[in-house]
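The sequence lines fix the lettering, A, B, ..., with proteins before strands; numbering per chain opens at 1.
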Amino acid sequence: MSAPRPGTSERVRWRREFLRIAGASLAAAAVGSHSRASWAASPRVVVVGAGYGGATAAKYIRKWSGGKIDVTVVEREAAFVSCPVSNLVIGGSRTLADITVPFDGLVQWGARIVHDEAVDIDPVARSIKLRRGDGLSYDRLILSPGVDFIYDDIPSLRTAEAQARAPHAWKAGPQTVLLRAQLEAMADGGVFAIHIPKAPFRCPPAPYERACQVAHYFSTHKKKSRIIVLDSNEEIQSKKALFANAWESLYKGYIDYRPNSALVDVDFATRTLQLDFENVKADVINVIPPQRAGAIARRLGMANANDRFCQVDFLTYESTAQRGIHVLGDAIQVAPLMPKSGHMANQQAKVCAAAIVALLSGEVVNPTPIMANACYSYIDDKQAGHVTSVHAYDSAQKTMIVAPGSGGVSQTATESDGVFADAWAHNIWADMLL
Amino acid sequence: MNLGNGLAMDLAMKFGKRRAIAIVALSLSIWTAFTLWTALTFAAGATPGANAGRDIAANCAACHGTDGRSRGAMPSLAGRDPRVIVQSIADFRDGRRASTVMGQLAKGYTDDQIESVAAYFGAQAKP
(Lines give C-alpha, C1' and ligand atoms only; values in the text may rest on other atoms or scores of the structure.)
Protein backbone atom coordinates (compact mmCIF):
# COMPACT_ATOMS: atom_id res chain seq x y z
CA MET A 1 0.00 0.00 0.00
CA SER A 2 1.21 3.46 -0.87
CA ALA A 3 1.22 6.16 1.76
CA PRO A 4 -1.73 8.55 1.72
CA ARG A 5 -1.17 11.59 -0.51
CA PRO A 6 0.19 14.36 1.66
CA GLY A 7 -1.77 17.57 2.18
CA THR A 8 -0.37 21.08 1.55
CA SER A 9 1.31 21.35 4.92
CA GLU A 10 2.84 17.95 4.34
CA ARG A 11 4.17 19.02 0.90
CA VAL A 12 5.87 22.01 2.49
CA ARG A 13 7.34 19.75 5.13
CA TRP A 14 8.51 17.32 2.41
CA ARG A 15 10.19 20.13 0.45
CA ARG A 16 11.82 21.52 3.58
CA GLU A 17 13.10 18.07 4.56
CA PHE A 18 14.42 17.42 1.06
CA LEU A 19 16.27 20.74 0.98
CA ARG A 20 17.76 20.09 4.42
CA ILE A 21 19.10 16.69 3.40
CA ALA A 22 20.29 17.91 -0.02
CA GLY A 23 22.03 20.84 1.64
CA ALA A 24 23.73 18.56 4.14
CA SER A 25 24.87 16.34 1.26
CA LEU A 26 26.38 19.31 -0.55
CA ALA A 27 28.14 20.47 2.59
CA ALA A 28 29.49 16.97 3.24
CA ALA A 29 30.73 16.70 -0.33
CA ALA A 30 32.43 20.08 -0.13
CA VAL A 31 34.19 19.23 3.13
CA GLY A 32 35.31 15.84 1.83
CA SER A 33 36.67 17.20 -1.42
CA HIS A 34 39.77 19.15 -2.35
CA SER A 35 39.80 22.78 -1.31
CA ARG A 36 40.91 25.61 -3.53
CA ALA A 37 44.28 27.26 -2.82
CA SER A 38 43.88 30.35 -0.67
CA TRP A 39 46.78 32.66 -1.44
CA ALA A 40 48.24 35.18 0.96
CA ALA A 41 48.25 38.66 -0.65
CA SER A 42 51.27 38.88 -3.02
CA PRO A 43 53.60 36.58 -1.09
CA ARG A 44 57.32 37.33 -1.37
CA VAL A 45 60.22 34.90 -1.36
CA VAL A 46 63.84 36.04 -1.30
CA VAL A 47 66.51 33.55 -2.40
CA VAL A 48 70.14 34.15 -1.42
CA GLY A 49 72.57 32.43 -3.77
CA ALA A 50 71.77 31.31 -7.33
CA GLY A 51 73.71 28.05 -7.49
CA TYR A 52 72.34 24.53 -7.84
CA GLY A 53 70.01 25.02 -4.85
CA GLY A 54 68.94 28.65 -5.03
CA ALA A 55 68.45 28.99 -8.78
CA THR A 56 66.39 25.79 -8.90
CA ALA A 57 64.23 26.94 -5.99
CA ALA A 58 63.64 30.35 -7.60
CA LYS A 59 62.59 28.84 -10.94
CA TYR A 60 60.33 26.14 -9.47
CA ILE A 61 58.58 28.55 -7.08
CA ARG A 62 57.74 30.78 -10.06
CA LYS A 63 56.67 27.75 -12.10
CA TRP A 64 54.62 25.93 -9.48
CA SER A 65 52.93 29.04 -8.09
CA GLY A 66 51.87 30.04 -11.60
CA GLY A 67 53.73 33.30 -11.08
CA LYS A 68 51.71 34.14 -7.94
CA ILE A 69 54.77 34.28 -5.66
CA ASP A 70 57.11 37.23 -6.08
CA VAL A 71 60.71 35.91 -6.18
CA THR A 72 63.86 38.00 -5.73
CA VAL A 73 67.27 36.35 -6.07
CA VAL A 74 70.33 37.89 -4.41
CA GLU A 75 73.52 36.76 -6.16
CA ARG A 76 77.08 38.11 -5.99
CA GLU A 77 78.25 36.86 -9.37
CA ALA A 78 77.27 38.10 -12.84
CA ALA A 79 76.74 34.57 -14.18
CA PHE A 80 76.48 31.00 -12.91
CA VAL A 81 79.70 28.96 -13.12
CA SER A 82 79.30 25.24 -12.43
CA CYS A 83 81.47 23.36 -9.94
CA PRO A 84 80.53 20.04 -11.56
CA VAL A 85 82.62 19.75 -14.77
CA SER A 86 85.04 22.47 -13.51
CA ASN A 87 87.71 19.80 -12.94
CA LEU A 88 87.78 19.38 -16.72
CA VAL A 89 88.74 23.05 -17.05
CA ILE A 90 91.68 22.29 -14.73
CA GLY A 91 92.53 19.26 -16.89
CA GLY A 92 92.35 21.41 -20.01
CA SER A 93 89.54 19.68 -21.94
CA ARG A 94 86.88 22.36 -21.19
CA THR A 95 86.94 26.14 -20.88
CA LEU A 96 85.33 28.32 -18.24
CA ALA A 97 82.89 29.50 -20.94
CA ASP A 98 81.72 25.87 -21.37
CA ILE A 99 80.57 25.76 -17.72
CA THR A 100 79.10 29.29 -17.51
CA VAL A 101 75.36 30.00 -17.83
CA PRO A 102 73.83 33.50 -17.63
CA PHE A 103 70.92 34.30 -15.30
CA ASP A 104 68.65 35.59 -18.10
CA GLY A 105 66.50 32.46 -17.97
CA LEU A 106 65.50 33.13 -14.36
CA VAL A 107 64.42 36.62 -15.39
CA GLN A 108 62.28 35.01 -18.11
CA TRP A 109 60.58 33.04 -15.35
CA GLY A 110 59.73 36.36 -13.68
CA ALA A 111 62.34 36.26 -10.91
CA ARG A 112 64.15 39.50 -10.10
CA ILE A 113 67.96 39.21 -9.86
CA VAL A 114 69.76 41.58 -7.50
CA HIS A 115 73.56 41.45 -7.85
CA ASP A 116 74.51 42.12 -4.26
CA GLU A 117 75.45 40.28 -1.08
CA ALA A 118 73.18 39.45 1.85
CA VAL A 119 74.96 40.49 5.06
CA ASP A 120 72.32 40.26 7.78
CA ILE A 121 68.84 38.96 8.54
CA ASP A 122 66.10 40.35 10.78
CA PRO A 123 63.96 37.26 11.42
CA VAL A 124 61.31 39.25 13.30
CA ALA A 125 60.77 41.97 10.69
CA ARG A 126 61.39 39.27 8.05
CA SER A 127 63.89 41.34 6.10
CA ILE A 128 67.48 41.02 4.93
CA LYS A 129 70.18 43.64 4.71
CA LEU A 130 72.34 43.88 1.58
CA ARG A 131 75.92 45.10 1.35
CA ARG A 132 75.21 47.82 -1.19
CA GLY A 133 71.50 48.13 -2.00
CA ASP A 134 68.27 48.55 -0.06
CA GLY A 135 67.15 45.71 2.15
CA LEU A 136 64.50 43.22 1.07
CA SER A 137 61.52 41.95 3.01
CA TYR A 138 60.20 38.42 2.67
CA ASP A 139 57.47 36.03 3.73
CA ARG A 140 59.88 33.12 3.25
CA LEU A 141 63.67 33.34 2.92
CA ILE A 142 65.78 30.69 1.17
CA LEU A 143 69.50 30.61 1.89
CA SER A 144 71.62 28.64 -0.56
CA PRO A 145 75.03 30.22 0.08
CA GLY A 146 77.24 27.19 -0.48
CA VAL A 147 80.29 26.81 1.73
CA ASP A 148 82.91 29.04 3.32
CA PHE A 149 86.44 27.77 3.96
CA ILE A 150 87.89 27.27 7.42
CA TYR A 151 91.52 28.37 7.62
CA ASP A 152 91.75 28.21 11.43
CA ASP A 153 94.04 25.17 11.39
CA ILE A 154 96.17 26.22 8.39
CA PRO A 155 97.86 29.41 9.70
CA SER A 156 99.91 30.28 6.61
CA LEU A 157 96.82 30.19 4.39
CA ARG A 158 94.87 32.85 6.26
CA THR A 159 95.72 35.69 3.84
CA ALA A 160 94.19 36.20 0.41
CA GLU A 161 97.71 36.38 -1.04
CA ALA A 162 98.59 32.93 0.35
CA GLN A 163 95.25 31.52 -0.84
CA ALA A 164 96.13 32.65 -4.38
CA ARG A 165 99.48 30.84 -4.13
CA ALA A 166 97.77 27.60 -3.10
CA PRO A 167 94.36 27.91 -4.76
CA HIS A 168 91.47 25.74 -3.57
CA ALA A 169 89.59 25.90 -6.90
CA TRP A 170 86.67 24.55 -4.88
CA LYS A 171 84.37 27.33 -6.09
CA ALA A 172 84.29 27.43 -9.87
CA GLY A 173 85.46 30.69 -11.41
CA PRO A 174 88.71 32.67 -11.09
CA GLN A 175 90.24 30.04 -8.77
CA THR A 176 89.62 27.33 -11.40
CA VAL A 177 91.39 29.41 -14.05
CA LEU A 178 94.23 30.21 -11.64
CA LEU A 179 94.94 26.56 -10.83
CA ARG A 180 94.85 25.70 -14.54
CA ALA A 181 97.31 28.52 -15.28
CA GLN A 182 99.69 27.29 -12.55
CA LEU A 183 99.63 23.77 -14.00
CA GLU A 184 100.31 25.11 -17.48
CA ALA A 185 103.19 27.26 -16.20
CA MET A 186 104.76 24.35 -14.31
CA ALA A 187 107.84 22.89 -16.01
CA ASP A 188 107.62 19.22 -17.05
CA GLY A 189 109.03 17.04 -14.30
CA GLY A 190 107.25 19.04 -11.62
CA VAL A 191 105.00 17.84 -8.81
CA PHE A 192 101.35 18.73 -8.27
CA ALA A 193 100.08 18.15 -4.72
CA ILE A 194 96.42 18.17 -3.80
CA HIS A 195 95.30 18.16 -0.18
CA ILE A 196 91.86 16.79 0.78
CA PRO A 197 90.20 17.80 4.07
CA LYS A 198 88.40 15.45 6.46
CA ALA A 199 84.86 14.62 5.33
CA PRO A 200 82.29 16.13 5.15
CA PHE A 201 83.23 18.44 2.31
CA ARG A 202 81.55 19.67 -0.88
CA CYS A 203 81.32 16.94 -3.55
CA PRO A 204 82.98 13.79 -2.12
CA PRO A 205 84.30 12.34 -5.44
CA ALA A 206 85.61 15.66 -6.80
CA PRO A 207 89.18 15.62 -5.34
CA TYR A 208 89.79 12.20 -6.89
CA GLU A 209 88.25 13.29 -10.20
CA ARG A 210 90.60 16.29 -10.07
CA ALA A 211 93.61 14.01 -9.63
CA CYS A 212 92.41 12.11 -12.74
CA GLN A 213 92.02 15.33 -14.74
CA VAL A 214 95.50 16.57 -13.87
CA ALA A 215 96.85 13.08 -14.66
CA HIS A 216 95.09 13.27 -18.02
CA TYR A 217 96.87 16.58 -18.68
CA PHE A 218 100.25 15.29 -17.53
CA SER A 219 99.96 12.02 -19.47
CA THR A 220 99.20 13.90 -22.67
CA HIS A 221 101.40 17.00 -22.20
CA LYS A 222 103.89 16.64 -19.31
CA LYS A 223 104.81 12.99 -19.08
CA LYS A 224 107.60 13.51 -16.53
CA SER A 225 105.34 15.28 -14.03
CA ARG A 226 103.78 13.57 -11.03
CA ILE A 227 100.79 13.95 -8.68
CA ILE A 228 100.72 13.46 -4.91
CA VAL A 229 97.25 13.12 -3.36
CA LEU A 230 97.36 13.90 0.37
CA ASP A 231 94.08 12.73 1.87
CA SER A 232 93.13 13.56 5.47
CA ASN A 233 90.73 10.64 5.28
CA GLU A 234 91.67 6.98 5.55
CA GLU A 235 90.48 6.11 2.05
CA ILE A 236 88.96 7.44 -1.17
CA GLN A 237 85.61 8.93 -0.12
CA SER A 238 83.46 8.14 -3.16
CA LYS A 239 83.57 5.87 -6.26
CA LYS A 240 86.65 4.21 -4.77
CA ALA A 241 86.93 1.36 -7.29
CA LEU A 242 86.37 3.69 -10.25
CA PHE A 243 89.26 5.97 -9.27
CA ALA A 244 91.55 3.23 -8.00
CA ASN A 245 91.08 1.37 -11.31
CA ALA A 246 91.85 4.50 -13.35
CA TRP A 247 94.98 5.22 -11.28
CA GLU A 248 96.19 1.63 -11.63
CA SER A 249 95.63 1.35 -15.37
CA LEU A 250 95.26 4.63 -17.28
CA TYR A 251 97.55 6.67 -15.01
CA LYS A 252 99.95 4.04 -13.69
CA GLY A 253 103.00 5.75 -12.20
CA TYR A 254 101.48 9.23 -12.24
CA ILE A 255 99.52 9.28 -8.96
CA ASP A 256 100.91 8.71 -5.48
CA TYR A 257 97.93 8.40 -3.11
CA ARG A 258 98.65 8.90 0.60
CA PRO A 259 95.74 8.39 3.01
CA ASN A 260 95.67 9.69 6.64
CA SER A 261 97.67 12.74 5.57
CA ALA A 262 96.27 15.67 7.50
CA LEU A 263 97.81 19.05 6.72
CA VAL A 264 99.52 21.00 9.49
CA ASP A 265 100.66 24.00 7.46
CA VAL A 266 102.22 25.16 4.20
CA ASP A 267 105.70 26.67 3.96
CA PHE A 268 105.60 28.86 0.89
CA ALA A 269 109.34 29.75 1.03
CA THR A 270 110.22 26.12 0.27
CA ARG A 271 106.84 25.18 -1.30
CA THR A 272 106.40 22.43 1.26
CA LEU A 273 103.23 20.90 2.68
CA GLN A 274 103.84 20.05 6.31
CA LEU A 275 102.05 16.93 7.53
CA ASP A 276 102.16 15.18 10.90
CA PHE A 277 104.93 12.78 9.96
CA GLU A 278 106.39 14.04 6.69
CA ASN A 279 106.99 17.08 4.52
CA VAL A 280 106.00 17.07 0.86
CA LYS A 281 107.54 19.46 -1.64
CA ALA A 282 105.44 20.45 -4.64
CA ASP A 283 105.58 22.93 -7.52
CA VAL A 284 101.83 23.46 -7.70
CA ILE A 285 99.93 23.26 -4.41
CA ASN A 286 96.14 22.79 -4.28
CA VAL A 287 94.83 22.91 -0.74
CA ILE A 288 91.13 22.19 -0.37
CA PRO A 289 90.36 23.59 3.09
CA PRO A 290 87.72 22.26 5.50
CA GLN A 291 84.30 23.81 4.93
CA ARG A 292 81.19 25.06 6.69
CA ALA A 293 77.92 26.74 5.69
CA GLY A 294 78.26 30.13 3.99
CA ALA A 295 78.36 33.07 6.44
CA ILE A 296 74.76 34.24 6.00
CA ALA A 297 73.47 30.76 6.96
CA ARG A 298 75.65 30.69 10.09
CA ARG A 299 73.87 33.72 11.55
CA LEU A 300 71.05 33.47 14.10
CA GLY A 301 72.23 30.13 15.42
CA MET A 302 71.35 28.34 12.19
CA ALA A 303 74.68 26.45 11.89
CA ASN A 304 73.48 24.18 14.69
CA ALA A 305 75.35 21.04 13.60
CA ASN A 306 78.88 21.25 15.07
CA ASP A 307 78.82 25.00 14.44
CA ARG A 308 79.45 24.16 10.78
CA PHE A 309 76.27 23.15 8.97
CA CYS A 310 72.54 23.93 9.25
CA GLN A 311 70.00 21.42 10.47
CA VAL A 312 66.75 21.53 8.51
CA ASP A 313 63.30 19.96 8.48
CA PHE A 314 63.54 17.60 5.49
CA LEU A 315 59.88 18.20 4.57
CA THR A 316 60.40 21.92 3.96
CA TYR A 317 64.15 22.64 4.36
CA GLU A 318 63.17 25.19 6.99
CA SER A 319 65.96 25.80 9.51
CA THR A 320 65.37 24.03 12.82
CA ALA A 321 66.63 27.21 14.52
CA GLN A 322 64.68 29.92 12.66
CA ARG A 323 61.09 29.94 11.42
CA GLY A 324 60.52 31.21 7.88
CA ILE A 325 64.15 30.67 6.83
CA HIS A 326 64.96 27.71 4.59
CA VAL A 327 68.48 26.42 3.87
CA LEU A 328 69.57 24.38 0.83
CA GLY A 329 72.56 22.63 -0.66
CA ASP A 330 76.07 22.27 0.71
CA ALA A 331 75.23 24.50 3.70
CA ILE A 332 72.92 21.92 5.31
CA GLN A 333 73.69 19.09 7.68
CA VAL A 334 72.89 16.26 5.29
CA ALA A 335 70.75 13.20 5.91
CA PRO A 336 72.56 9.81 6.14
CA LEU A 337 74.35 8.92 2.87
CA MET A 338 73.17 12.13 1.21
CA PRO A 339 76.20 13.68 -0.51
CA LYS A 340 76.92 17.40 -0.63
CA SER A 341 76.42 17.56 -4.39
CA GLY A 342 74.95 19.95 -6.92
CA HIS A 343 72.46 17.29 -7.92
CA MET A 344 71.24 16.91 -4.32
CA ALA A 345 70.92 20.68 -3.97
CA ASN A 346 68.76 20.73 -7.12
CA GLN A 347 66.54 18.00 -5.66
CA GLN A 348 66.30 19.59 -2.20
CA ALA A 349 65.37 22.87 -3.89
CA LYS A 350 62.31 21.31 -5.52
CA VAL A 351 61.07 19.76 -2.26
CA CYS A 352 61.57 23.18 -0.66
CA ALA A 353 59.85 24.98 -3.56
CA ALA A 354 56.83 22.65 -3.42
CA ALA A 355 56.61 23.14 0.36
CA ILE A 356 56.83 26.93 0.15
CA VAL A 357 54.20 27.10 -2.60
CA ALA A 358 51.96 24.91 -0.42
CA LEU A 359 52.60 26.97 2.74
CA LEU A 360 51.94 30.30 1.00
CA SER A 361 48.77 29.08 -0.70
CA GLY A 362 47.21 27.38 2.32
CA GLU A 363 47.71 23.87 0.97
CA VAL A 364 49.15 20.75 2.56
CA VAL A 365 52.93 20.15 2.49
CA ASN A 366 53.86 16.81 0.87
CA PRO A 367 54.45 14.47 3.86
CA THR A 368 56.48 11.93 1.84
CA PRO A 369 59.06 13.68 -0.36
CA ILE A 370 61.43 11.58 -2.45
CA MET A 371 64.52 12.53 -4.42
CA ALA A 372 67.21 11.01 -6.60
CA ASN A 373 70.94 11.53 -6.86
CA ALA A 374 72.99 10.87 -9.98
CA CYS A 375 76.58 12.00 -9.90
CA TYR A 376 79.10 11.52 -12.70
CA SER A 377 82.89 11.79 -12.46
CA TYR A 378 85.20 11.95 -15.49
CA ILE A 379 88.47 10.05 -15.39
CA ASP A 380 89.76 11.71 -18.59
CA ASP A 381 88.20 13.95 -21.26
CA LYS A 382 85.72 11.29 -22.48
CA GLN A 383 85.16 8.48 -19.99
CA ALA A 384 83.15 8.75 -16.79
CA GLY A 385 81.56 6.68 -14.05
CA HIS A 386 78.57 7.34 -11.83
CA VAL A 387 77.04 6.89 -8.40
CA THR A 388 73.26 6.92 -7.89
CA SER A 389 70.82 6.72 -5.01
CA VAL A 390 67.15 7.38 -4.21
CA HIS A 391 66.30 9.06 -0.91
CA ALA A 392 62.81 8.88 0.59
CA TYR A 393 61.46 10.63 3.70
CA ASP A 394 61.11 8.38 6.74
CA SER A 395 58.42 9.86 8.96
CA ALA A 396 59.50 7.86 12.02
CA GLN A 397 63.12 9.04 11.84
CA LYS A 398 62.17 12.43 10.35
CA THR A 399 64.99 12.25 7.82
CA MET A 400 65.73 11.13 4.27
CA ILE A 401 66.73 7.46 4.03
CA VAL A 402 68.16 5.66 1.00
CA ALA A 403 65.36 3.59 -0.54
CA PRO A 404 66.26 -0.09 0.07
CA GLY A 405 67.76 -1.73 -3.02
CA SER A 406 68.13 1.52 -4.92
CA GLY A 407 71.31 3.02 -6.30
CA GLY A 408 74.67 1.79 -7.47
CA VAL A 409 78.20 2.80 -8.33
CA SER A 410 80.45 2.27 -11.38
CA GLN A 411 83.51 0.06 -10.94
CA THR A 412 85.11 1.27 -14.17
CA ALA A 413 84.62 4.26 -16.45
CA THR A 414 82.92 4.09 -19.85
CA GLU A 415 82.51 6.39 -22.81
CA SER A 416 78.71 6.04 -22.63
CA ASP A 417 78.76 7.42 -19.08
CA GLY A 418 80.94 10.23 -20.47
CA VAL A 419 78.20 11.09 -22.96
CA PHE A 420 75.57 10.94 -20.21
CA ALA A 421 77.74 13.06 -17.90
CA ASP A 422 77.86 15.82 -20.51
CA ALA A 423 74.11 15.56 -21.13
CA TRP A 424 73.49 15.55 -17.37
CA ALA A 425 75.35 18.87 -17.05
CA HIS A 426 73.41 20.58 -19.83
CA ASN A 427 70.05 19.25 -18.62
CA ILE A 428 70.57 20.19 -14.96
CA TRP A 429 71.82 23.68 -15.87
CA ALA A 430 68.69 24.14 -17.97
CA ASP A 431 66.54 22.71 -15.16
CA MET A 432 67.97 25.35 -12.80
CA LEU A 433 68.35 28.35 -15.03
CA LEU A 434 66.30 28.10 -18.25
CA MET B 1 24.35 2.52 10.39
CA ASN B 2 22.21 3.40 13.40
CA LEU B 3 22.10 6.99 12.22
CA GLY B 4 21.20 5.81 8.69
CA ASN B 5 18.51 3.47 9.97
CA GLY B 6 17.18 6.14 12.29
CA LEU B 7 17.02 8.69 9.48
CA ALA B 8 15.37 6.19 7.11
CA MET B 9 12.77 5.22 9.74
CA ASP B 10 12.19 8.87 10.57
CA LEU B 11 11.66 9.72 6.88
CA ALA B 12 9.50 6.63 6.31
CA MET B 13 7.28 7.59 9.25
CA LYS B 14 6.99 11.17 8.02
CA PHE B 15 6.50 10.61 4.30
CA GLY B 16 5.91 6.93 3.75
CA LYS B 17 8.33 4.34 2.44
CA ARG B 18 8.42 5.29 -1.26
CA ARG B 19 9.02 8.97 -0.69
CA ALA B 20 11.64 8.19 1.92
CA ILE B 21 13.50 6.03 -0.59
CA ALA B 22 13.20 8.81 -3.18
CA ILE B 23 14.60 11.39 -0.77
CA VAL B 24 17.55 9.20 0.19
CA ALA B 25 18.26 8.25 -3.44
CA LEU B 26 18.13 11.86 -4.60
CA SER B 27 20.35 13.04 -1.78
CA LEU B 28 22.87 10.29 -2.48
CA SER B 29 22.99 11.07 -6.18
CA ILE B 30 23.48 14.78 -5.48
CA TRP B 31 26.29 13.94 -3.04
CA THR B 32 27.97 11.59 -5.55
CA ALA B 33 27.70 14.06 -8.44
CA PHE B 34 29.05 16.94 -6.40
CA THR B 35 31.94 14.88 -5.02
CA LEU B 36 32.91 13.75 -8.51
CA TRP B 37 32.64 17.28 -9.85
CA THR B 38 34.84 18.77 -7.16
CA ALA B 39 37.36 15.94 -7.44
CA LEU B 40 37.70 16.53 -11.18
CA THR B 41 37.66 20.32 -10.96
CA PHE B 42 40.22 20.64 -8.19
CA ALA B 43 42.34 17.60 -9.02
CA ALA B 44 45.54 19.63 -8.43
CA GLY B 45 44.28 20.72 -5.02
CA ALA B 46 45.29 20.35 -1.44
CA THR B 47 45.21 16.68 -0.53
CA PRO B 48 48.61 15.07 0.10
CA GLY B 49 49.73 13.19 -2.97
CA ALA B 50 47.75 15.38 -5.36
CA ASN B 51 51.06 16.66 -6.76
CA ALA B 52 52.85 13.31 -6.54
CA GLY B 53 53.36 13.01 -10.29
CA ARG B 54 54.60 16.57 -10.60
CA ASP B 55 56.97 16.25 -7.64
CA ILE B 56 58.47 12.92 -8.77
CA ALA B 57 58.85 14.27 -12.33
CA ALA B 58 61.00 16.96 -10.69
CA ASN B 59 63.32 14.14 -9.51
CA CYS B 60 63.74 13.03 -13.12
CA ALA B 61 64.09 16.61 -14.47
CA ALA B 62 67.74 16.98 -13.43
CA CYS B 63 68.71 14.45 -16.15
CA HIS B 64 65.63 14.33 -18.42
CA GLY B 65 64.90 18.07 -18.44
CA THR B 66 62.20 20.17 -16.80
CA ASP B 67 58.83 18.43 -17.38
CA GLY B 68 60.73 15.77 -19.34
CA ARG B 69 62.06 17.99 -22.14
CA SER B 70 65.67 16.85 -22.53
CA ARG B 71 68.53 18.70 -24.23
CA GLY B 72 70.92 15.79 -24.43
CA ALA B 73 71.48 12.03 -24.55
CA MET B 74 68.70 11.22 -22.06
CA PRO B 75 65.38 10.80 -23.89
CA SER B 76 62.61 13.38 -23.54
CA LEU B 77 59.66 11.99 -21.58
CA ALA B 78 57.15 14.80 -22.17
CA GLY B 79 54.13 13.63 -24.12
CA ARG B 80 55.17 9.96 -24.09
CA ASP B 81 52.50 7.30 -23.65
CA PRO B 82 52.34 6.66 -19.86
CA ARG B 83 51.98 2.90 -20.45
CA VAL B 84 55.27 2.89 -22.37
CA ILE B 85 57.02 4.83 -19.59
CA VAL B 86 55.69 2.45 -16.90
CA GLN B 87 56.77 -0.59 -18.94
CA SER B 88 60.24 0.86 -19.62
CA ILE B 89 60.88 1.64 -15.96
CA ALA B 90 59.67 -1.85 -14.96
CA ASP B 91 61.99 -3.39 -17.57
CA PHE B 92 64.96 -1.36 -16.27
CA ARG B 93 64.11 -2.22 -12.66
CA ASP B 94 63.69 -5.94 -13.30
CA GLY B 95 66.79 -6.16 -15.51
CA ARG B 96 64.90 -7.06 -18.71
CA ARG B 97 66.39 -3.98 -20.32
CA ALA B 98 70.05 -2.94 -19.92
CA SER B 99 70.79 0.48 -18.47
CA THR B 100 73.54 2.48 -16.82
CA VAL B 101 71.68 4.32 -14.05
CA MET B 102 67.96 3.72 -14.70
CA GLY B 103 67.83 0.22 -13.23
CA GLN B 104 69.51 1.50 -10.06
CA LEU B 105 67.14 4.48 -9.76
CA ALA B 106 63.94 2.60 -10.70
CA LYS B 107 64.40 0.32 -7.67
CA GLY B 108 63.84 3.33 -5.38
CA TYR B 109 60.26 4.01 -6.46
CA THR B 110 56.98 2.20 -5.79
CA ASP B 111 54.62 1.11 -8.58
CA ASP B 112 52.19 3.88 -7.57
CA GLN B 113 54.94 6.49 -7.78
CA ILE B 114 55.97 5.22 -11.23
CA GLU B 115 52.34 5.30 -12.42
CA SER B 116 51.87 8.86 -11.19
CA VAL B 117 55.09 10.18 -12.74
CA ALA B 118 54.29 8.45 -16.04
CA ALA B 119 50.84 10.07 -16.05
CA TYR B 120 52.43 13.48 -15.39
CA PHE B 121 54.90 13.14 -18.28
CA GLY B 122 52.14 11.81 -20.54
CA ALA B 123 50.13 14.97 -19.92
CA GLN B 124 52.98 17.32 -20.93
CA ALA B 125 53.22 18.81 -24.41
CA LYS B 126 55.75 17.04 -26.65
CA PRO B 127 58.99 18.97 -27.10
Atom group of A/Pro369 that falls short of 4.5 Å from chain B, counting heavy atoms:
neither
Chain B: which of A/His391, A/His386, A/His426 shares the most heavy-atom pairs with it under 4.5 Å?
A/His386
Ignoring hydrogens, what is the shortest heavy-atom contact between B/Lys107 and A/Gly405? Give both atom names and the distance.
CD-O, 3.3 Å
Surrounding CZ of B/Arg83 (heavy atoms of other residues, nucleotides or ligands, distance under 6.0 Å), is the total greater than 12?
no
Cut-off 4.5 Å, heavy atoms of chain B, and the answer for A/Ala392 is neither
Between the CG atom in A/Asp431 and the NE2 atom in B/His64, the distance rounded to the nearest 0.5 Å is 12.0 Å
Closest approach of B/Ala73 and A/Val419, non-hydrogen atoms and distance?
CB-CG1, 3.8 Å
The reported gap from NZ in A/Lys63 to OG1 in B/Thr66 (rounded to nearest 0.5 angstrom) is 6.5 Å
Ranked by heavy-atom pairs below 4.5 Å to chain A, first place among B/Ala106, B/Ala52, B/Ala61 goes to B/Ala61
Under 3.5 Å, is there a donor-acceptor pair between the side chain of A/Asn427 and the main chain of B/Ala62?
no
Option that, when pairs with chain B are counted at under 4.5 Å, heavy atom only, ranks first among A/Trp64, A/Trp429, A/Phe420, A/Tyr60:
A/Trp64
Heavy-atom distances under 4.5 Å only: say whether A/Val357 touches chain B with side chain, backbone, both or neither.
neither
Interatomic distance, CG@A/Asn366 vs CG@B/Asn51, rounded to 0.5 Å, equals 8.0 Å
What pair of heavy atoms forms the shortest contact from A/Met371 to B/Tyr109, and how long is it?
C-OH, 4.1 Å
Given heavy-atom pairs under 4.5 angstrom as the criterion, report whether the side chain, backbone, both or neither of B/Arg93 touches chain A.
neither
Under 4.5 Å heavy-atom distance to chain B, tell me which part of A/Tyr376 shows up: side chain, backbone, both or neither.
side chain
Distance, nearest 0.5 Å, that separates CG of A/Leu434 from CZ of B/Arg69
13.0 Å
Sub-3.5 Å donor-acceptor pair from the side chain of B/Asn59 to the main-chain atoms of A/Ile370, do we have one?
yes
Which heavy atom of A/Ala423 sits nearest to which heavy atom of B/Met74, and what is that distance?
CB-SD, 3.5 Å
Return the minimal non-hydrogen interatomic distance between B/Ala58 and A/Gln347, and the atom names on each side.
O-NE2, 3.6 Å
Part of A/Asn373 lying under 4.5 Å from any heavy atom of chain B:
backbone
Starting at CD1 of B/Ile56, measure out to NZ of A/Lys350 and round the result to the nearest 0.5 Å.
12.5 Å
Per-residue contact mode, A/Ser416 against chain B (heavy atom under 4.5 angstrom)
side chain
Please round to the nearest 0.5 Å and tell me the distance separating atom OG1 of A/Thr388 and atom CG of B/Leu105.
4.5 Å
